[in-house]
Structure formats: structure tokens, C-alpha cells
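Here the structure is laid out as C-alpha cells; the discussion comes afterwards.
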Amino acid sequence: MNPTETLPKPALTSGGRLLVGGDWREAQSGKRFRTLNPATGDTLLEVAEGDAADIDLAVQAARRALEGPWGKMSASERGRLLWKLGDLVNEKAAELSQLETLDTGKAIWESSKIDVPLTADTFYYYAGAATKLEGRTIPVSGPYLNYTLREPLGIVGLIVPWNFPLLLAARKVAPSLAAGNAAILKPAEETPLSALRLGELALEAGLPPGVLNVVPGYGPTAGAALVAHPGVQGIAFTGETTTGQLIMQNAARSLKKISLELGGKSPNIVFADADLEAAVRGSIFAIFYNKGEVCTAGSRLFVEKGIHDAMLEKVIDRAQKFPQGDPFDPKTRLGAQTSEAQIEKIARYVDIGKKEGAKVVLGGEPARVGNGRGFFWKPTIFDGVTNSMTIAREEIFGPVLSVIAFEDFDKVLAEANDSFYGLSAAVWTRDIKKAHRAARTLQAGTVWINTYNLYDAASPYGGTKGSGFGRESGMQGLDFYTQTKSVWVDLS
Ligand code: NAI
Ligand code: MG
């Protein structure tokens, strides 16, 4: 059976309308836009296209929520509502995984084993964190009592991309609400469905109206309006580095606090003393997980010269067998790229790589899957890459691996750090000193040793340099959504 023949339909009781103040409405403009199934090129649903007018209504609704029951609710109660939302995500796990796979083209194996369970975990984690936000008592000079309160920012705008639509929404929604903010979530135009479903579940969990608003729409209209709105105190953004730069500029006018989780060009370094089989498996997962549409993708594979040939042979062999196909087939590990624009971008970089003298040793072209109208790209490996080539410097965001040979510990770390980005890095070695020395030297927000792409709701995540600033997940994930108030009492 061909799984696409029995494709589930997007199950949205709200019918693709946007969520403002607990109500499902059409956009003020009356416009709708299409979201596609990347595996077939077919339209899945037309969704309300929010813009500045809808963002303004959402800000008003969020303001009412803060002035109403939400602002008065105890942290414990907020925690219970978030826990309930985690439960609902788990209850609806099968349906949410399907929705995510339909909209993004990612393998159902990934959405059901990673995206959705981590989403539920994120709500559970921050449900517990709501009551752990504590102020301090400060030993000031003089007859005074000084203490701090950790307060919410107020209204926050959450702008997410299309590679992990549900999980990245949860990583922002959960901590912002745990800290007592009201939120406006702006999903990516390519993948609005799971965010809308999350809005439905939030209402079902009992979150008061206006606490979580979901306004789909385009970046330059809905997204930019959220960044510009004087009633919004903070913007948490994940996406392209150039968009992050633009948001930083635009947020300056209203002096908003911002958190930016941007692109990457992560080095994955394999030393000759590594467990080769484990390094091969890990390196494949590092680049082909979520079709390479991962900010932390291990797109620069540095291999020590002595094992270069043996490792490359094994990597090619494994990549060749990496199951690409219908995202709804449970055996598939490499689904469809999320948009046609991504296919064009990958093709452009593959051309550049060839022109600059790197050698395609696998793939390098689109793949034909199903009806032939989906956005599939074959697992692609370039050998003979140098760190100065364009394909080693710019984020491709696709299943394209650049293999770079190296000879020397210090030099490879210097090359790994010679990048505009600094999101993540990995090292493979059996030598613990080497591993920890590398971990200290690598300029990255996350370093993996003998593993890759591990995430947990409890572990902080974010970048340095061109990969942005701010940390999501863990208790540090709450910092962005809170501000400190210092209170003085005269005791004399
Ligand atoms: P993008 O950064 O433009 O989009 C991400 C989100 O930002 C979307 O919700 C979008 O609507 C919003 N946005 C866009 N312009 C905005 C603006 N002026 N003000 C406020 N919000 C705005 O990313 P895009 O265009 O979808 O993808 C382009 C490239 O970016 C990809 O090819 C990939 O290389 C990279 N990318 C990297 C991601 C990462 O996590 N590292 C995630 C998504 C894209
Ligand atoms: Mg863009």
C-alpha cells in the first residue's frame, strides 16, 4: 500500500481560523492563505492570514487577560493548566504527529518519536517550574529590607519557523505562560497547522481567553507588526540569521527585549581514536535528521586524515541506505523538504559546491517520490571540502554534508571555530581529555561528545556569535520571560 493514498486530513475543529481572545475568527482583512503538503505539492488547507490589524486585536486580548483572571492566578494554578496541556498533547499524540508530518514533510517516525513527546515534556517541565520562580532577599547596608520579585514581562510575541513548528512553539509558549505572561504566537507561513491545534488544546485545557493567541500570517506583515507593536514587551524568535538581524533593528524602536535563536553551520569532529561505527551512525543522524532542516545540523564533518577513507566509505554506504520516501511510511527516515524554496536553495548550493571544486560523492539531485510533485532531495555528500568554501560557511538547511579532512587537534578546533555561527558542535573520540578540552574550546551553545542532536526540556539550548543569544529550555529558559523588581522597606 502506498501510505499517501490514505492520507489523513488535517483535523482542526477551528477550521483554520485564527485565535484571538479565546475566539476563532477570520482575519480582519478576510484573507486566507494556503498551506501545502510538501510530500505531494497539494493544498492541505487555507488558513486565516493575519496582519497588523489582527495582531493589534491579539495584543488587546492579551492585555485583558493580564488585567483579568490570568494576572491574578497563582503560580500553582498556572502550573496545573500547563500540566493539563501536556496531558492533552500526549492524549492527541497520534493526531498531532500526523498534522506535523502533513504540514512539514518530516517522517512520521520523527514527529511521533521526537517532536510530539518532547512537546509534552516541555509543558510538563514548565508546569513544575511555575512555582520555582523565586526572588531573593538581599543583604543591603542600613536598616532596610530589600527583596526581589520575579515578574512576567507582560505580553510577549513568539515567532517560530517551519522546521519544528510544534516543538519550537512549545519551547516558547510553555516558559512564557509559566512565568505569567500572555502570549501571541505567530507560526511560520509554511506550517501554521500544529500551532492552531495547540491553540485549540490550550482552550480545552482551560487557559483563560487571551492568554495564548495564535495569529498565522506572513513574516513582513504579521511578524513585523508583532515586533513593532508598542504593547508587546518581548519577542522570542527562532529562524534565519538575517531575519533575526532585522527583528533586532525593528525591536529597537520600541525597546523590546529580544531572544534570538538563529542559524548554524555546526562542526562535527571525528578523531582517529573514535568508535568508528558510532561516529558513522551519529554523523548520519547529525546531518540527515529532519532532512537537514535543523539549526544544529552537523553540516561540516571534520574527519582525521588517518580514518578519512574508511569513514567516508561507511558514511556513503549508510547514507545510501538511509530510507527516503513517503513521510507517512513508518520506515521512512528522510521525508520531504518543507518548501519548494528549500529545494531551490539546496540546488543553488550544490552548484556552488561543485564550482568551487568540492566533489559530489553521493546524491546531489532531487529525488522522485510518490506523485513526483513533492519536495524531495537525495542525501548528498561532498568530499574534498575546505573550510573556506561557501558550502562550509553558509547554512544550506538541507541533507547536504560537507566532508573536510584534518590532521591536527589545535588546527581542527581553530577551523571549527572559524565560522560566523556558533550554535552547536560535536566531537567523537575515546580520549576523555581530548573530548573535554575540545568542549571548552569550541565556540558553541551546545557541545555533544560521542553523540549528536540530543535535546531535553530540562537542558538549556541556544547559540553564540551569529547563532544568536538567549537560552531556551531548562530553568534558564525562564530568564527571558521574567524581569526583576527590587523592593525596599524601611525598618528603622
Ligand atoms: P525566516 O527567518 O524568514 O522565518 C522564520 C519566522 O520568522 C517565520 O514565522 C516568518 O514568518 C517570520 N518572519 C519573517 N520575516 C519577518 C519579519 N520581518 N519580522 C518578523 N517576523 C518575520 O526563515 P525562512 O524565510 O522561512 O527560511 C529561510 C532560511 O532561513 C532557510 O532556508 C534556512 O536556511 C533558514 N532557517 C533557519 C532556521 C533555524 O532555526 N536555524 C529556521 C528557519 C529557517
Ligand atoms: Mg524569510
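Note that ligands are numbered from 1 as they come in the structure, with each ligand's atoms numbered from 1 the same way.
Each of the following atoms of ligand 1 lies closer than 4.0 Å to a heavy atom of Cys295: 39 (C), 40 (O), 41 (N). Ligand 1 places these atoms under 4.0 Å from at least one heavy atom of Gly219: 10 (C), 11 (O), 12 (C), 13 (N), 14 (C), 15 (N), 16 (C), 17 (C), 19 (N), 20 (C), 21 (N), 22 (C). Below 4.0 Å from some heavy atom of Gly263 lie the following atoms of ligand 1, by number and element: 41 (N). Under a 4.0 Å criterion applied to the non-hydrogen atoms of Gly223, ligand 1 contributes the atoms 19 (N), 20 (C), 21 (N). For ligand 1 and Pro187, the ligand atoms under 4.0 Å from any heavy atom of the residue are 9 (O). When each atom of ligand 1 is checked for a heavy atom of Lys345 under 4.0 Å away, the hits are 29 (C), 31 (C), 32 (O), 33 (C), 34 (O). Heavy-atom contacts of Leu262 reach the following atoms of ligand 1: 41 (N) (cutoff under 4.0 Å). In summary, the atoms of ligand 1 found under 4.0 Å from a heavy atom of Pro161, numbered by their order in the structure, are 42 (C), 43 (C).
For Phe33 and Tyr218, the gap between ring centers is short of 6.0 Å.
A salt bridge is absent between Arg368 and Glu365: the closest approach of a Lys/Arg side-chain nitrogen to an acidic carboxylate oxygen does not fall below 4.0 angstrom. Salt-bridge formation is detected for the pair Glu200/Arg197: a Lys NZ or Arg NE/NH1/NH2 atom is positioned less than 4.0 Å from an Asp or Glu carboxylate oxygen. Contact check on Arg300 versus Glu415 returns no salt bridge, with no Lys/Arg side-chain nitrogen under 4.0 Å from an Asp/Glu carboxylate oxygen. Taking the charged nitrogens against the carboxylate oxygens, Arg471 and Asp479 have no contact shorter than 4.0 Å, which rules out a salt bridge. Between Asp42 and Arg373 a salt bridge is recorded (basic side-chain N to carboxylate O distance below 4.0 Å).
Ligand 1 has no N or O atom lying under 3.5 Å from any N or O atom of Leu246, backbone or side chain. Geometrically, ligand 1 and Gln342 share a nitrogen or oxygen pair separated by less than 3.5 Å. Polar contact with ligand 1: absent for Glu261 (N/O pair, distance under 3.5 Å). For Glu189, a nitrogen or oxygen atom sits less than 3.5 Å from a nitrogen or oxygen atom of ligand 1, counting backbone and side chain alike. Residue-to-ligand polar distances keep Gly217 apart from ligand 1: every N/O pair is separated by 3.5 Å or more.
Between the side chains of Glu151 and Thr482, no donor-acceptor pair is found at a separation under 3.5 Å. Judged purely by distance below 3.5 Å, without hydrogens or angles, the side chains of Asn163 and Thr104 never pair a donor atom with an acceptor atom.
Nearest to atom 26 (O) of ligand 1 by heavy-atom distance, out of Phe237, Trp162, Phe397, Tyr421, is Trp162. The heavy atom nearest to atom 12 (C) of ligand 1, out of those in Thr221, Thr296, Ile159, is found in Ile159. Scanning Leu168, Val160, Thr243, Ile247 for the heavy atom closest to atom 16 (C) of ligand 1 points to Thr243.
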List, one per line, each side-chain donor-acceptor pair under 3.5 Å for residues 176-183, sequence neighbours excluded.
from   : atom 1 : to     : atom 2 : distance (Å)
Ser176 : OG     : Lys172 : O      : 2.9
Ser176 : OG     : Val173 : O      : 2.9
Asn181 : OD1    : Leu153 : N      : 2.8
Asn181 : OD1    : Gly154 : N      : 2.9
Asn181 : ND2    : Ser176 : O      : 3.0
Asn181 : ND2    : Tyr481 : O      : 3.0

Can you give me every donor-acceptor pair (side chain of residues 460-467, partner residue at least two apart or in another chain, under 3.5 Å) with its distance?
from   : atom 1 : to     : atom 2 : distance (Å)
Lys465 : NZ     : Asn417 : O      : 2.9
Lys465 : NZ     : Ser419 : O      : 2.9
Lys465 : NZ     : Gln443 : OE1    : 2.7
Ser467 : OG     : Gly263 : O      : 2.7
Ser467 : OG     : Gly422 : N      : 2.9
Ser467 : OG     : Leu423 : N      : 3.1

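If you run salt bridge (charged side-chain N to carboxylate O under 4.0 Å, His left out) between Arg32 and each of Glu49, Glu26, Glu46, only Glu26 comes through.
Here Ala341 has no heavy atoms under 4.0 Å from ligand 1, in either its backbone or its side chain. Neither the backbone nor the side chain of Glu293 has a heavy atom within less than 4.0 Å of ligand 1.
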